[in-house]
Amino acid sequence: MFTVGLYPNVYKKNLIKIAGGLINWFENRNYSVMLPKEVADSLNLSHLSADKNELVKKIDVAVTLGGDGTLLNVARQVAPYEVPILGINLGHVGFLTEIEISDLYTDLERFNQKDYSIDIRMMLEAEVVRNGEVLKSFLALNDVVVTKGPFARLIRLKTYANEDYIDTYHADGLIIATPTGSTAYSLSAGGPIINPDMDLLLLTPICPHTLRSRSIVVSKDDIIKVKLLAEHPEIMLTVDGQQGYELLPGDQIIVKKSSFSTRLIRIKKRSFYDVLRKKLSE
């Protein structure tokens with residue numbers, strides 16, 4: 001039996017009604033539906049619950065109910081298991097999600113008939129290194145960001161690609177993004193928009209204290225190393241804007257292309273440029 005992992009954002013409006021309708025739709029077509037335990041319990045659907053670490057091993061597809069943030073969170077969980085994601089948009093912009101509520105059941109019928117394609121998106125792997133020891137590893141679909149804390153002080157970020165020195169950024173931070181992430185924080189910081197079909201890394205400084213610091217596009221095979229030269233604490237590493245890790249002066253952040261990818265189910269025959277034009281005009 002084909003198993004669907006349903007990942008709702010429990011804070012979205014009308015979530016219970018929409019999730020209930022989805023579950024009925026899938027079960028009426030002989031799909032098995034499972035939810036992460038904490039979500040199932042909060043929706044009074046405990047009979048469909050599974051531990052989230054076990055859930056990713058049992059499902060054939062992940063269906064997200066929310067916005068891009070919900071999908072980003074799920075992408076990091078399911079990528080190591082090559083589980084494709086079908087995103088249903090309950091948010092606003094929705095660059096990553098595929099189905100709008102107005103088209104929900106029409107598009108689901110196309111999914112049921114296997115009338116879809118799989119869009120492969122590159123991901124990033126990041127490590128925090130302190131005194132030569134790897135303290136923490138992260139997986140990201142959009143971006144890895146080194147950013148200053150709440151105080152209005154610049155930080156210095158000595159940046160390398162494959163041990164070749166790029167620059168020392170005096171800035172509020174540095175964004176290392178995938179092409180998928182080029183329309184997220186990097187875009188807000190003045191970075192270029194990149195077609196997600198490309199495999200490359202994008203480095204965008206945040207509010208650099210110089211006129212010459214601009215975004216740099218580097219090879220997908222480059223290994224980026226950022227040395228934190230700030231003298232003050234309260235500097236953070238953030239991953240997809242959702243995970244955070246406190247950094248100390250002298251820490252190094254190593255970022256490279258991950259061996260894992262995000263697989264997005266695409267039902268509508270839309271180009272990236274169609275989506276871009278529509279979403280940025282909303």
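Position 1 is the first residue of the sequence; numbering continues from there.
Residues R29 and N24 have side chains not in contact (no heavy-atom distance under 4.5 Å, counting atoms from C-beta outward). L202 is listed as a side-chain neighbour of I194, based on a closest heavy-atom distance under 4.5 Å. Inter-residue side-chain proximity for L141 and L96 is flagged as met; some heavy-atom pair is nearer than 4.5 Å. Inter-residue side-chain proximity for R76 and Q242 is flagged as met; some heavy-atom pair is nearer than 4.5 Å.
Using a 3.5 Å distance cut-off with no hydrogens or angles, the side chains of R266 and S117 do not pair a donor with an acceptor. Side chains of Y31 and N112: a donor-acceptor N/O pair is present below 3.5 angstrom, by distance only. When only modelled atom types and interatomic distance are considered, D240 and N142 share no side-chain donor-acceptor pair under 3.5 Å. Y7 and N73 share no side-chain donor-acceptor pair at under 3.5 Å. Judged by distance alone, the side chains of Q252 and R130 never bring a donor and an acceptor atom under 3.5 Å apart. At a cut-off of 3.5 Å, with distance as the only test, a side-chain donor of D41 or S46 sits close to an acceptor on the other residue.
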(request) Verify side-chain contact (heavy atoms from CB on, under 4.5 Å) between L247 and V128, making sure each step is shown before the conclusion. (result) CA-CA 8 Å; L247 301 174; V128 178; 3.8 Å; yes
(request) Show your reasoning for whether side-chain hydrogen bond (donor to acceptor under 3.5 Å, both in side chains) applies to T168 and R156. (result) CA-CA 6 Å; T168 299; R156 290 183 297 140; over 6 Å; no
(request) Show your reasoning for whether side-chain contact (heavy atoms from CB on, under 4.5 Å) applies to N89 and I99. (result) CA-CA 6 Å; N89 187 29; I99 297 178; over 6 Å; no
(request) Show the numbers, then the answer: is there a side-chain contact (heavy atoms from CB on, under 4.5 Å) between D119 and D197? (result) CA-CA 8 Å; D119 186 4; D197 289 340; 4.1 Å; yes
(message) Pair I224, L201 - check side-chain contact (heavy atoms from CB on, under 4.5 Å), show working.
(response) CA-CA 9 Å; I224 305 302; L201 280 72; 3.9 Å; yes
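For the atom pair L43 CG and I23 CD1, the distance stands at 7.5 Å (nearest 0.5 Å). Here L71 contributes atom CG and L86 contributes atom CG; the two are 9.0 Å apart, rounded to the nearest 0.5 Å. Distance CD/E109 to CG/L104: 10.5 Å, rounded to 0.5 Å.
Hydrophobic clustering of Ile, Leu, Val, Met, Phe, Trp and Tyr side chains at less than 4.5 Å, counting indirect connections, unites L65 with L45. Y169 is connected to I235 through a chain of hydrophobic side-chain contacts under 4.5 Å among Ile, Leu, Val, Met, Phe, Trp and Tyr, so both are in one cluster. Linking ILVMFWY side-chain heavy atoms closer than 4.5 Å, directly or via other members, places L264 and V56 in a single hydrophobic cluster. M236 and I176 fall into different hydrophobic clusters, where Ile, Leu, Val, Met, Phe, Trp and Tyr residues are linked whenever their side-chain heavy atoms come under 4.5 Å apart, directly or through other members. The hydrophobic clustering, which links ILVMFWY residues whose side-chain heavy atoms are closer than 4.5 Å, places I88 and V4 together.
For the residue pair V39 and V10, the shortest heavy atom distance occurs at CG1-CG1, 3.9 Å. Across W25 and L108, no two heavy atoms sit closer than the pair CH2-O, 3.3 Å. Residue A62 comes nearest to V83 through the heavy atom pair N-CG1, 3.6 Å, listed as atom of the first residue, atom of the second, then distance. Across all their heavy atoms, A140 and V239 have their closest contact at CB-CG1, 3.6 Å. Shown here for S182 and P179, the closest heavy-atom pair between the two residues is OG-O, 2.7 Å. Nearest approach of Y105 to G21, heavy atoms of both residues: OH-C, 3.3 Å.
The aromatic rings of Y116 and F111 lie parallel to each other, with less than 30° between the two planes, well short of the 60° mark.
Under a cutoff of 6.0 Å and an axis angle of 45°, K136 and Y245 do not form a cation-pi pair.
Residues passing the side chain to side chain contact (heavy atoms under 4.5 Å, CB included) test with L276 are F95, T183, I193, F272, L280, sequence neighbours excluded.
Under a 3.5 Å cut-off, the side chain of S102 and the backbone N or O of E100 do not form any donor-acceptor pair. Using a distance-only test at 3.5 Å, with no hydrogens or angles considered, a donor-acceptor pair links the side chain of S271 to the main chain of D274.
Shown are T178, D221, D199; of these, the side chain to side chain donor-acceptor pair (under 3.5 Å) with K257 is made only by D199. Exactly one residue among R110, R270, K269 makes a salt bridge (charged side-chain N to carboxylate O under 4.0 Å, His left out) with E98. That residue is R270.
Counting heavy-atom neighbours within 6.0 Å of M198 CE, excluding the residue itself, gives a total of 12 or less. The 12-atom threshold is not exceeded at OH of Y11, counting heavy atoms of other residues, nucleotides or ligands nearer than 6.0 Å. Within 6.0 Å of CG on N28 lie more than 12 heavy atoms contributed by other residues, nucleotides or ligands. Remark: K37 NZ is loosely packed, at most 12 non-hydrogen atoms of other residues, nucleotides or ligands lying under 6.0 Å away.
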